[in-house]
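Residues: numbered from 1 along the sequence shown.
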Amino acid sequence: LYLASNNFGDIGAKALASRLVAHVHLKNLDVSGNQISDHGSALLLQALEQNLSIKTTTATGSDPSRPVQRRGKLSLDLSGNCLGQAAYSAVLDVKNVNLAVRMDTSVVG
């Protein structure tokens, strides 16, 4: 899902995070260049970590006897945002090895 350079900030990150948990087919999320701070990035990371913990689910409108299986890793691009040390710490706290995060190497603040 490519949402780069929309400048939606933490308000948009919060709205997006609330909808990410159940989307088991999501493979890539690019929210680079959106003026997201440590708070917004933490919300996204929490949602994606919950998303990755879902093993099976039944998609809306599908046959309930055929659960959907998650396959592969999920990548999150947070580069070009207003991230400080707390965001980097939050990434290190993520327990799921199936989440790959891209961030800038410089820290704001």
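The structure places CD of Glu49 at 11.5 Å from CG of Leu74, a figure rounded to the nearest 0.5 Å. Considering OG of Ser79 and CG of Asp30, their distance stands at 6.5 Å, rounded to 0.5 Å.
Between Leu16 and Leu29 the shortest side-chain heavy-atom distance falls below 4.5 Å. Residues Asn81 and Asn34 form a side-chain contact, since some pair of their non-hydrogen atoms from C-beta on lies under 4.5 Å apart. Using a 4.5 Å cut-off on side-chain heavy atoms (C-beta onward), Leu76 and Val91 make no contact.
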Run the side-chain donor-acceptor check on residues 35-45: report pairs under 3.5 Å with partners two or more places apart or on a different chain.
residue : atom : partner : partner atom : Å
Ser37   : OG   : Asp10   : OD1          : 3.2
Ser37   : OG   : Asp10   : OD2          : 2.4
Ser37   : OG   : His39   : N            : 3.3
Asp38   : OD1  : Gly84   : N            : 2.5
Ser41   : OG   : Ser37   : O            : 3.3
Ser41   : OG   : Asp38   : O            : 2.9

Show me, pair by pair, the donor-acceptor contacts under 3.5 angstrom made by side chains of residues 1-9, not counting sequence neighbours?
residue : atom : partner : partner atom : Å
Asn6    : ND2  : Leu3    : O            : 2.8
Asn6    : ND2  : Ala4    : O            : 3.3

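Checking each of Asn98, Val101, Val94, Leu26 against Leu48 for a side chain to side chain contact (heavy atoms under 4.5 Å, CB included) leaves exactly one that passes, namely Leu26.
Residue pairs meeting the salt bridge (Lys or Arg N to Asp or Glu O under 4.0 Å) criterion with at least one member in residues 76-86, sequence neighbours excluded, are Asp77-Arg102.
More than 12 non-hydrogen atoms from other residues, nucleotides or ligands lie less than 6.0 angstrom from CG of Leu92.
The two atoms that bring Ala47 and Leu20 nearest to each other are CB-CB, 4.2 Å, heavy atoms only.
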